[in-house]
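Contents: one structure, followed by commentary.
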Amino acid sequence: MRYISTRGQAPALSFEEVVLTGMASDGGLYVPETIPQLSADDLAEMAGLSYAEIAFRVMRPFVNGEIDDETFRRLVTEAYATFSHDAVVPLNQLDANHFLLELFHGPTLAFKDVALQLLGRLLDHFLKKRGERAVIMGATSGDTGSAAIEGCRHCDNLDIFILHPYQRVSEVQRRQMTSVLADNVFNVAIEGNFDDAQAMVKASFADQSFLNGTRLVAVNSINWARIMAQIVYYVASAVALGAPHRKVSFCVPSANFGNVFAGYMAYRMGLPVERFVIATNANDILHRTLAANDFSKQELKATLAPSMDIVVSSNFERLLFEAYDRDGAAVAALLERFQAEPTALADAPLARLRERFASHSVDDATILEVIREAHHRTQEILDPHTATGYRAAERERGEASVPMITLATAHPAKFAEAVVKAGFPGVPLPPHMDDLLEREERYTVLPAELSAVQQFVVENRR
Ligand SMILES: *Cc1c(COP(=O)(O)O)cnc(C)c1O
(Lines give C-alpha, C1' and ligand atoms only; values in the text may rest on other atoms or scores of the structure.)
Protein backbone atom coordinates (compact mmCIF):
# COMPACT_ATOMS: atom_id res chain seq x y z
CA MET A 1 0.00 0.00 0.00
CA ARG A 2 1.31 3.40 -1.04
CA TYR A 3 -0.15 6.85 -0.41
CA ILE A 4 -0.77 9.31 -3.24
CA SER A 5 -1.54 13.03 -3.35
CA THR A 6 -4.98 14.43 -4.17
CA ARG A 7 -3.29 16.77 -6.65
CA GLY A 8 -1.49 14.05 -8.50
CA GLN A 9 2.01 15.54 -8.61
CA ALA A 10 3.81 14.66 -5.35
CA PRO A 11 5.70 11.36 -5.05
CA ALA A 12 3.87 8.34 -3.58
CA LEU A 13 4.89 7.58 0.02
CA SER A 14 4.97 4.64 2.41
CA PHE A 15 2.84 4.63 5.58
CA GLU A 16 5.82 5.63 7.71
CA GLU A 17 6.62 8.57 5.43
CA VAL A 18 3.02 9.70 5.30
CA VAL A 19 2.74 9.73 9.11
CA LEU A 20 5.87 11.88 9.34
CA THR A 21 4.96 14.19 6.45
CA GLY A 22 1.61 15.98 6.63
CA MET A 23 0.88 17.99 3.50
CA ALA A 24 2.10 16.73 0.11
CA SER A 25 4.74 18.75 -1.75
CA ASP A 26 2.20 19.66 -4.49
CA GLY A 27 -0.13 21.22 -1.92
CA GLY A 28 -2.42 18.18 -1.87
CA LEU A 29 -3.30 15.69 0.85
CA TYR A 30 -2.25 12.07 1.00
CA VAL A 31 -4.80 9.26 0.56
CA PRO A 32 -4.29 5.51 0.18
CA GLU A 33 -3.70 4.38 -3.38
CA THR A 34 -6.22 1.55 -2.95
CA ILE A 35 -8.95 1.26 -0.35
CA PRO A 36 -8.70 -1.93 1.71
CA GLN A 37 -11.91 -3.95 1.90
CA LEU A 38 -13.76 -5.34 4.91
CA SER A 39 -15.95 -8.28 3.87
CA ALA A 40 -19.29 -9.06 5.49
CA ASP A 41 -17.53 -11.89 7.32
CA ASP A 42 -14.80 -9.55 8.58
CA LEU A 43 -17.47 -7.25 9.99
CA ALA A 44 -19.54 -10.09 11.47
CA GLU A 45 -16.45 -11.39 13.28
CA MET A 46 -15.98 -8.02 15.00
CA ALA A 47 -19.21 -8.35 16.99
CA GLY A 48 -18.38 -8.32 20.68
CA LEU A 49 -14.64 -7.57 20.28
CA SER A 50 -12.95 -4.83 22.30
CA TYR A 51 -12.51 -1.41 20.73
CA ALA A 52 -8.74 -1.88 20.65
CA GLU A 53 -9.06 -5.18 18.79
CA ILE A 54 -11.48 -3.70 16.24
CA ALA A 55 -9.07 -0.78 15.86
CA PHE A 56 -6.19 -3.15 15.20
CA ARG A 57 -8.16 -5.06 12.53
CA VAL A 58 -9.52 -1.96 10.75
CA MET A 59 -6.18 -0.10 10.63
CA ARG A 60 -3.83 -3.02 9.99
CA PRO A 61 -4.06 -2.90 6.15
CA PHE A 62 -3.21 0.82 6.12
CA VAL A 63 -0.08 0.18 8.19
CA ASN A 64 0.94 -2.23 5.48
CA GLY A 65 3.27 -4.37 7.57
CA GLU A 66 5.51 -1.40 8.33
CA ILE A 67 4.95 -2.00 12.06
CA ASP A 68 4.91 -5.62 13.22
CA ASP A 69 1.52 -6.86 14.46
CA GLU A 70 2.57 -7.26 18.07
CA THR A 71 3.94 -3.72 18.31
CA PHE A 72 1.00 -2.17 16.47
CA ARG A 73 -1.46 -4.00 18.71
CA ARG A 74 0.42 -2.66 21.76
CA LEU A 75 0.39 0.93 20.47
CA VAL A 76 -3.35 0.74 19.80
CA THR A 77 -4.09 -0.85 23.17
CA GLU A 78 -2.06 1.81 25.02
CA ALA A 79 -3.73 4.63 23.07
CA TYR A 80 -7.25 3.55 23.99
CA ALA A 81 -6.41 2.60 27.57
CA THR A 82 -6.25 6.37 28.22
CA PHE A 83 -10.04 6.62 27.75
CA SER A 84 -12.13 6.69 30.90
CA HIS A 85 -14.99 4.50 29.58
CA ASP A 86 -14.41 0.78 29.12
CA ALA A 87 -16.23 0.85 25.78
CA VAL A 88 -13.89 3.73 24.72
CA VAL A 89 -16.65 5.23 22.53
CA PRO A 90 -20.00 4.11 24.05
CA LEU A 91 -23.30 4.35 22.19
CA ASN A 92 -26.07 6.11 24.07
CA GLN A 93 -29.61 5.42 22.83
CA LEU A 94 -31.77 8.56 22.69
CA ASP A 95 -34.94 7.07 21.26
CA ALA A 96 -36.12 4.17 19.11
CA ASN A 97 -33.60 4.74 16.34
CA HIS A 98 -31.43 7.71 17.27
CA PHE A 99 -28.12 7.05 19.01
CA LEU A 100 -25.31 9.28 20.29
CA LEU A 101 -21.80 7.97 19.76
CA GLU A 102 -19.89 9.46 22.70
CA LEU A 103 -16.43 10.30 21.42
CA PHE A 104 -15.50 12.46 24.43
CA HIS A 105 -14.20 10.03 27.03
CA GLY A 106 -10.53 10.68 26.21
CA PRO A 107 -8.06 12.78 28.22
CA THR A 108 -9.26 16.18 26.89
CA LEU A 109 -12.98 15.40 26.57
CA ALA A 110 -13.27 15.82 22.80
CA PHE A 111 -13.14 13.47 19.84
CA LYS A 112 -9.72 14.65 18.70
CA ASP A 113 -8.23 12.43 21.43
CA VAL A 114 -9.25 9.34 19.45
CA ALA A 115 -6.80 10.22 16.69
CA LEU A 116 -4.13 12.08 18.63
CA GLN A 117 -3.62 9.42 21.30
CA LEU A 118 -2.61 7.09 18.49
CA LEU A 119 -0.75 9.60 16.32
CA GLY A 120 1.67 10.57 19.13
CA ARG A 121 2.54 6.92 19.66
CA LEU A 122 2.97 6.25 15.93
CA LEU A 123 5.29 9.24 15.54
CA ASP A 124 7.36 8.23 18.55
CA HIS A 125 7.61 4.65 17.27
CA PHE A 126 8.90 5.67 13.85
CA LEU A 127 11.29 8.30 15.25
CA LYS A 128 12.80 5.80 17.69
CA LYS A 129 13.25 3.30 14.89
CA ARG A 130 15.09 5.92 12.83
CA GLY A 131 17.07 7.27 15.77
CA GLU A 132 15.63 10.74 15.12
CA ARG A 133 13.95 13.41 17.18
CA ALA A 134 11.27 15.77 15.95
CA VAL A 135 9.62 19.02 16.97
CA ILE A 136 5.87 19.50 16.79
CA MET A 137 4.56 23.02 16.38
CA GLY A 138 0.93 23.98 16.35
CA ALA A 139 -1.34 26.94 16.93
CA THR A 140 -4.63 26.52 18.71
CA SER A 141 -7.66 28.56 19.64
CA GLY A 142 -8.63 25.84 22.09
CA ASP A 143 -9.38 22.21 21.34
CA THR A 144 -6.68 20.75 19.15
CA GLY A 145 -3.80 22.05 21.28
CA SER A 146 -4.73 20.12 24.40
CA ALA A 147 -5.46 16.92 22.47
CA ALA A 148 -2.06 17.17 20.74
CA ILE A 149 -0.28 17.80 24.05
CA GLU A 150 -1.99 14.83 25.70
CA GLY A 151 -1.10 12.69 22.69
CA CYS A 152 2.61 13.58 22.86
CA ARG A 153 3.38 14.07 26.56
CA HIS A 154 4.80 10.56 26.96
CA CYS A 155 6.74 10.52 23.68
CA ASP A 156 10.51 10.43 24.31
CA ASN A 157 11.52 11.54 20.83
CA LEU A 158 9.10 14.45 20.45
CA ASP A 159 9.09 17.99 21.80
CA ILE A 160 5.82 19.81 21.38
CA PHE A 161 5.33 23.59 21.22
CA ILE A 162 1.73 24.82 21.19
CA LEU A 163 0.99 28.50 20.64
CA HIS A 164 -2.25 29.96 21.93
CA PRO A 165 -3.40 33.59 21.94
CA TYR A 166 -2.63 35.08 25.37
CA GLN A 167 -5.79 35.59 27.46
CA ARG A 168 -8.02 34.64 24.54
CA VAL A 169 -8.79 31.00 25.26
CA SER A 170 -11.24 29.86 27.92
CA GLU A 171 -9.83 28.99 31.33
CA VAL A 172 -10.73 25.31 31.03
CA GLN A 173 -9.12 25.06 27.61
CA ARG A 174 -5.99 26.91 28.73
CA ARG A 175 -5.59 24.79 31.83
CA GLN A 176 -6.03 21.58 29.85
CA MET A 177 -2.85 22.59 28.02
CA THR A 178 -0.82 24.44 30.63
CA SER A 179 -1.31 22.01 33.50
CA VAL A 180 0.59 19.31 31.60
CA LEU A 181 4.02 19.73 33.20
CA ALA A 182 5.92 17.12 31.17
CA ASP A 183 9.51 18.01 30.16
CA ASN A 184 8.73 17.84 26.45
CA VAL A 185 5.63 20.07 26.52
CA PHE A 186 5.95 23.82 25.94
CA ASN A 187 2.95 26.13 26.00
CA VAL A 188 3.51 29.56 24.51
CA ALA A 189 1.00 32.36 25.03
CA ILE A 190 1.36 34.79 22.14
CA GLU A 191 0.61 38.46 22.72
CA GLY A 192 -1.70 38.56 19.72
CA ASN A 193 -4.68 36.72 18.29
CA PHE A 194 -5.08 33.20 16.90
CA ASP A 195 -4.22 34.33 13.36
CA ASP A 196 -0.89 35.73 14.59
CA ALA A 197 -0.08 32.41 16.25
CA GLN A 198 -1.10 30.45 13.19
CA ALA A 199 0.93 32.69 10.88
CA MET A 200 4.07 32.02 12.94
CA VAL A 201 3.54 28.28 12.79
CA LYS A 202 2.98 28.43 9.02
CA ALA A 203 6.12 30.52 8.53
CA SER A 204 8.11 28.01 10.60
CA PHE A 205 6.94 25.14 8.39
CA ALA A 206 7.69 27.10 5.22
CA ASP A 207 11.29 27.77 6.32
CA GLN A 208 12.56 25.19 8.79
CA SER A 209 16.21 26.27 8.66
CA PHE A 210 16.02 27.64 12.22
CA LEU A 211 15.86 24.01 13.42
CA ASN A 212 19.15 23.04 11.77
CA GLY A 213 17.85 19.84 10.23
CA THR A 214 15.55 18.60 12.99
CA ARG A 215 12.26 17.45 11.53
CA LEU A 216 9.21 19.64 12.12
CA VAL A 217 5.99 17.62 12.26
CA ALA A 218 2.37 18.77 11.93
CA VAL A 219 -0.36 17.00 13.82
CA ASN A 220 -3.31 18.87 12.28
CA SER A 221 -6.15 16.99 10.68
CA ILE A 222 -4.50 16.72 7.28
CA ASN A 223 -2.23 14.00 8.70
CA TRP A 224 -3.49 10.72 7.20
CA ALA A 225 -3.04 8.82 10.47
CA ARG A 226 -5.69 11.00 12.10
CA ILE A 227 -8.23 10.02 9.46
CA MET A 228 -7.21 6.39 9.75
CA ALA A 229 -7.77 6.31 13.52
CA GLN A 230 -11.22 7.88 13.11
CA ILE A 231 -12.42 5.22 10.65
CA VAL A 232 -12.49 2.77 13.53
CA TYR A 233 -15.40 4.21 15.52
CA TYR A 234 -17.66 4.21 12.48
CA VAL A 235 -17.03 0.51 12.06
CA ALA A 236 -17.27 -0.29 15.77
CA SER A 237 -20.57 1.56 16.27
CA ALA A 238 -22.17 0.13 13.12
CA VAL A 239 -21.15 -3.38 14.16
CA ALA A 240 -22.63 -2.77 17.61
CA LEU A 241 -25.95 -1.92 15.91
CA GLY A 242 -25.98 -4.95 13.65
CA ALA A 243 -23.63 -4.41 10.70
CA PRO A 244 -23.12 -6.10 8.28
CA HIS A 245 -26.75 -7.30 8.49
CA ARG A 246 -28.22 -3.83 9.06
CA LYS A 247 -27.41 -0.42 7.57
CA VAL A 248 -26.87 2.69 9.66
CA SER A 249 -26.70 6.43 8.96
CA PHE A 250 -24.30 8.87 10.60
CA CYS A 251 -24.70 12.54 11.44
CA VAL A 252 -21.40 14.37 11.96
CA PRO A 253 -20.80 17.89 13.38
CA SER A 254 -18.24 19.06 10.83
CA ALA A 255 -15.62 21.72 10.22
CA ASN A 256 -12.39 20.62 8.57
CA PHE A 257 -14.17 17.47 7.34
CA GLY A 258 -11.62 15.05 8.83
CA ASN A 259 -14.21 13.29 10.94
CA VAL A 260 -16.89 12.72 8.31
CA PHE A 261 -14.28 11.84 5.68
CA ALA A 262 -13.16 9.00 7.96
CA GLY A 263 -16.77 7.81 7.93
CA TYR A 264 -16.81 7.92 4.15
CA MET A 265 -13.65 5.80 4.10
CA ALA A 266 -15.37 3.24 6.34
CA TYR A 267 -18.22 3.15 3.80
CA ARG A 268 -15.79 2.70 0.92
CA MET A 269 -14.13 -0.14 2.84
CA GLY A 270 -17.45 -1.97 2.80
CA LEU A 271 -19.39 -0.74 5.84
CA PRO A 272 -23.12 -0.61 4.94
CA VAL A 273 -23.98 3.10 5.40
CA GLU A 274 -27.23 4.55 4.10
CA ARG A 275 -26.29 8.18 4.40
CA PHE A 276 -23.98 10.74 6.00
CA VAL A 277 -25.54 13.92 7.33
CA ILE A 278 -23.10 16.81 7.64
CA ALA A 279 -23.96 19.34 10.36
CA THR A 280 -22.31 22.76 10.30
CA ASN A 281 -22.72 25.84 12.46
CA ALA A 282 -23.15 29.26 10.83
CA ASN A 283 -19.79 28.70 9.10
CA ASP A 284 -21.55 26.68 6.46
CA ILE A 285 -19.24 26.21 3.48
CA LEU A 286 -19.92 22.47 3.43
CA HIS A 287 -23.69 22.97 3.49
CA ARG A 288 -23.62 25.71 0.85
CA THR A 289 -21.50 23.54 -1.41
CA LEU A 290 -23.71 20.46 -1.15
CA ALA A 291 -27.10 22.18 -1.10
CA ALA A 292 -26.53 25.09 -3.48
CA ASN A 293 -23.26 24.25 -5.26
CA ASP A 294 -21.81 27.45 -3.81
CA PHE A 295 -18.16 26.53 -3.20
CA SER A 296 -16.89 29.84 -1.86
CA LYS A 297 -15.26 31.36 1.18
CA GLN A 298 -17.21 33.59 3.52
CA GLU A 299 -16.04 35.62 6.46
CA LEU A 300 -15.42 33.72 9.68
CA LYS A 301 -18.25 33.93 12.21
CA ALA A 302 -17.64 33.36 15.93
CA THR A 303 -20.31 30.89 17.13
CA LEU A 304 -21.28 28.98 20.25
CA ALA A 305 -19.63 25.91 18.68
CA PRO A 306 -16.12 27.38 18.33
CA SER A 307 -14.33 24.18 17.33
CA MET A 308 -16.37 24.25 14.13
CA ASP A 309 -15.55 27.88 13.26
CA ILE A 310 -13.71 27.62 9.94
CA VAL A 311 -13.66 29.36 6.56
CA VAL A 312 -12.24 26.48 4.49
CA SER A 313 -12.66 22.74 5.14
CA SER A 314 -9.20 21.38 4.47
CA ASN A 315 -10.12 17.69 4.31
CA PHE A 316 -12.99 18.27 1.87
CA GLU A 317 -10.25 18.03 -0.76
CA ARG A 318 -9.99 14.31 0.01
CA LEU A 319 -13.68 13.80 -0.79
CA LEU A 320 -13.40 15.94 -3.93
CA PHE A 321 -10.62 13.63 -5.10
CA GLU A 322 -13.05 10.69 -4.91
CA ALA A 323 -15.94 12.66 -6.43
CA TYR A 324 -13.71 13.63 -9.36
CA ASP A 325 -12.78 9.99 -9.91
CA ARG A 326 -9.30 10.51 -8.47
CA ASP A 327 -8.37 13.02 -11.16
CA GLY A 328 -5.64 15.02 -9.35
CA ALA A 329 -5.36 17.60 -12.13
CA ALA A 330 -9.09 18.37 -11.94
CA VAL A 331 -8.91 18.72 -8.14
CA ALA A 332 -5.87 21.01 -8.38
CA ALA A 333 -7.64 23.21 -10.96
CA LEU A 334 -10.84 23.40 -8.90
CA LEU A 335 -8.97 24.37 -5.72
CA GLU A 336 -6.91 26.96 -7.55
CA ARG A 337 -10.14 28.59 -8.78
CA PHE A 338 -11.61 28.32 -5.28
CA GLN A 339 -8.65 30.20 -3.77
CA ALA A 340 -9.21 33.07 -6.20
CA GLU A 341 -13.00 33.41 -6.44
CA PRO A 342 -16.37 31.78 -5.65
CA THR A 343 -16.71 28.65 -7.74
CA ALA A 344 -18.83 25.53 -8.19
CA LEU A 345 -18.33 21.79 -8.57
CA ALA A 346 -18.92 20.11 -11.92
CA ASP A 347 -22.33 18.40 -12.27
CA ALA A 348 -21.26 14.77 -12.17
CA PRO A 349 -19.09 14.95 -9.03
CA LEU A 350 -21.77 16.99 -7.24
CA ALA A 351 -24.44 14.43 -8.12
CA ARG A 352 -22.17 11.67 -6.83
CA LEU A 353 -21.73 13.47 -3.50
CA ARG A 354 -25.47 14.07 -3.12
CA GLU A 355 -26.16 10.33 -3.42
CA ARG A 356 -24.49 9.71 -0.06
CA PHE A 357 -24.36 13.08 1.76
CA ALA A 358 -27.00 15.44 3.11
CA SER A 359 -26.24 18.62 5.06
CA HIS A 360 -27.71 21.21 7.41
CA SER A 361 -26.46 24.45 8.90
CA VAL A 362 -27.49 25.23 12.48
CA ASP A 363 -27.26 28.76 13.89
CA ASP A 364 -26.54 29.83 17.49
CA ALA A 365 -30.19 30.43 18.45
CA THR A 366 -31.04 26.92 17.27
CA ILE A 367 -28.07 25.43 19.18
CA LEU A 368 -29.52 26.83 22.42
CA GLU A 369 -33.02 25.62 21.53
CA VAL A 370 -31.66 22.13 20.80
CA ILE A 371 -29.76 21.91 24.10
CA ARG A 372 -33.02 22.65 25.95
CA GLU A 373 -35.17 20.41 23.75
CA ALA A 374 -32.78 17.44 23.85
CA HIS A 375 -32.58 17.70 27.62
CA HIS A 376 -36.35 17.79 27.89
CA ARG A 377 -36.75 14.74 25.66
CA THR A 378 -33.76 12.63 26.71
CA GLN A 379 -32.29 14.06 29.95
CA GLU A 380 -28.97 14.52 28.14
CA ILE A 381 -27.13 17.85 28.14
CA LEU A 382 -25.47 18.15 24.74
CA ASP A 383 -22.40 20.20 24.04
CA PRO A 384 -23.02 22.92 21.39
CA HIS A 385 -21.17 21.02 18.62
CA THR A 386 -23.16 17.87 19.23
CA ALA A 387 -26.31 20.02 19.29
CA THR A 388 -25.76 20.95 15.64
CA GLY A 389 -25.61 17.24 14.87
CA TYR A 390 -28.73 16.46 16.87
CA ARG A 391 -30.77 19.01 14.91
CA ALA A 392 -29.41 17.92 11.53
CA ALA A 393 -30.11 14.28 12.38
CA GLU A 394 -33.69 15.06 13.41
CA ARG A 395 -34.27 16.83 10.09
CA GLU A 396 -32.84 13.95 8.09
CA ARG A 397 -34.41 11.00 9.87
CA GLY A 398 -34.89 8.47 7.12
CA GLU A 399 -36.61 5.10 7.43
CA ALA A 400 -37.18 3.89 10.96
CA SER A 401 -35.38 0.65 10.17
CA VAL A 402 -32.09 2.51 9.65
CA PRO A 403 -30.60 3.71 12.95
CA MET A 404 -29.18 7.24 12.98
CA ILE A 405 -25.91 7.62 14.88
CA THR A 406 -25.05 11.22 15.80
CA LEU A 407 -21.44 11.76 16.75
CA ALA A 408 -21.08 13.52 20.13
CA THR A 409 -17.80 15.33 19.55
CA ALA A 410 -17.26 17.00 22.95
CA HIS A 411 -18.24 16.72 26.59
CA PRO A 412 -20.66 19.52 27.61
CA ALA A 413 -18.45 20.55 30.57
CA LYS A 414 -15.90 21.75 28.04
CA PHE A 415 -18.30 24.29 26.54
CA ALA A 416 -20.06 25.61 29.60
CA GLU A 417 -20.79 29.01 28.01
CA ALA A 418 -23.40 27.59 25.65
CA VAL A 419 -24.85 25.29 28.28
CA VAL A 420 -25.30 28.21 30.69
CA LYS A 421 -26.79 30.37 27.94
CA ALA A 422 -29.30 27.61 27.32
CA GLY A 423 -30.45 28.03 30.91
CA PHE A 424 -28.62 25.27 32.78
CA PRO A 425 -26.41 25.87 35.81
CA GLY A 426 -23.49 24.26 33.98
CA VAL A 427 -22.08 20.75 33.86
CA PRO A 428 -19.41 19.46 36.27
CA LEU A 429 -16.11 18.19 34.89
CA PRO A 430 -15.81 14.40 35.12
CA PRO A 431 -14.20 13.08 38.34
CA HIS A 432 -10.69 12.55 36.90
CA MET A 433 -10.58 16.25 36.00
CA ASP A 434 -12.43 17.90 38.83
CA ASP A 435 -9.24 19.46 40.25
CA LEU A 436 -8.29 21.07 36.91
CA LEU A 437 -8.84 24.60 38.21
CA GLU A 438 -6.40 24.03 41.09
CA ARG A 439 -3.60 22.36 39.15
CA GLU A 440 -0.24 24.06 38.71
CA GLU A 441 0.21 25.72 35.31
CA ARG A 442 3.27 26.41 33.20
CA TYR A 443 3.45 28.60 30.11
CA THR A 444 5.62 31.29 28.61
CA VAL A 445 4.28 34.60 27.32
CA LEU A 446 6.05 35.80 24.17
CA PRO A 447 5.50 38.77 21.83
CA ALA A 448 3.93 37.99 18.44
CA GLU A 449 7.34 37.96 16.75
CA LEU A 450 8.53 35.04 14.69
CA SER A 451 12.16 35.40 15.79
CA ALA A 452 11.24 35.33 19.49
CA VAL A 453 9.13 32.19 19.04
CA GLN A 454 11.73 30.38 16.96
CA GLN A 455 14.48 31.28 19.43
CA PHE A 456 12.33 29.86 22.24
CA VAL A 457 11.87 26.61 20.30
CA VAL A 458 15.58 26.26 19.56
CA GLU A 459 16.61 26.94 23.16
CA ASN A 460 14.09 24.59 24.73
CA ARG A 461 13.87 21.55 22.49
CA ARG A 462 15.75 18.66 24.00
C1 LIG B 1 -12.62 19.53 15.67
C2 LIG B 1 -14.02 19.45 16.17
C3 LIG B 1 -15.12 19.33 15.27
C4 LIG B 1 -14.94 19.31 13.77
O5 LIG B 1 -14.32 18.15 13.29
P6 LIG B 1 -13.70 18.11 11.80
O7 LIG B 1 -12.98 16.81 11.73
O8 LIG B 1 -12.79 19.29 11.69
O9 LIG B 1 -14.84 18.18 10.83
C10 LIG B 1 -16.39 19.18 15.82
N11 LIG B 1 -16.60 19.21 17.15
C12 LIG B 1 -15.57 19.35 18.03
C13 LIG B 1 -15.88 19.39 19.49
C14 LIG B 1 -14.26 19.47 17.58
O15 LIG B 1 -13.26 19.60 18.46
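Just so it is clear, the values below take in all heavy atoms, side chains as well, and ignore hydrogens, waters and symmetry mates. Indexing begins at 1, ligand by ligand and atom by atom, following the structure's order.
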Next on the checklist: Could you check whether Lys414 makes a cation-pi contact with Phe104, meaning its NZ or CZ is under 6.0 Å from the centre of the six-membered ring and within 45° of the ring axis?
Outcome noted: no
Next on the checklist: Going by the rule salt bridge (charged side-chain N to carboxylate O under 4.0 Å, His left out), which residues pair with Glu322 if we only count those two or more places apart in sequence or in a different chain?
Outcome noted: Arg268, Arg326
Next on the checklist: For a quick check under 3.5 Å, do Arg2 and Ser14 share a side-chain donor-acceptor pair by atom type?
Outcome noted: no
Item to check | Counterpart residues, salt bridge (charged side-chain N to carboxylate O under 4.0 Å, His left out), relative to Arg175 (two or more places apart) | outcome: Glu171, Glu441
Checklist outcome for this item: The side-chain contact (heavy atoms from CB on, under 4.5 Å) partner of Pro384 among Ile367, Asn281, Leu368, Thr409 is Ile367
Checklist entry - Taking only residues two or more places apart in sequence or in another chain, which ones pass salt bridge (charged side-chain N to carboxylate O under 4.0 Å, His left out) with Arg377? => result Asp95, Glu373, Glu394
Checklist entry - What residues come within 4.0 Å of ligand 1, counting heavy atoms only? => result Phe111, Lys112, Asp143, Pro253, Ser254, Ala255, Asn256, Phe257, Gly258, Asn259, Ser307, Met308, His385, Thr409, Ala410
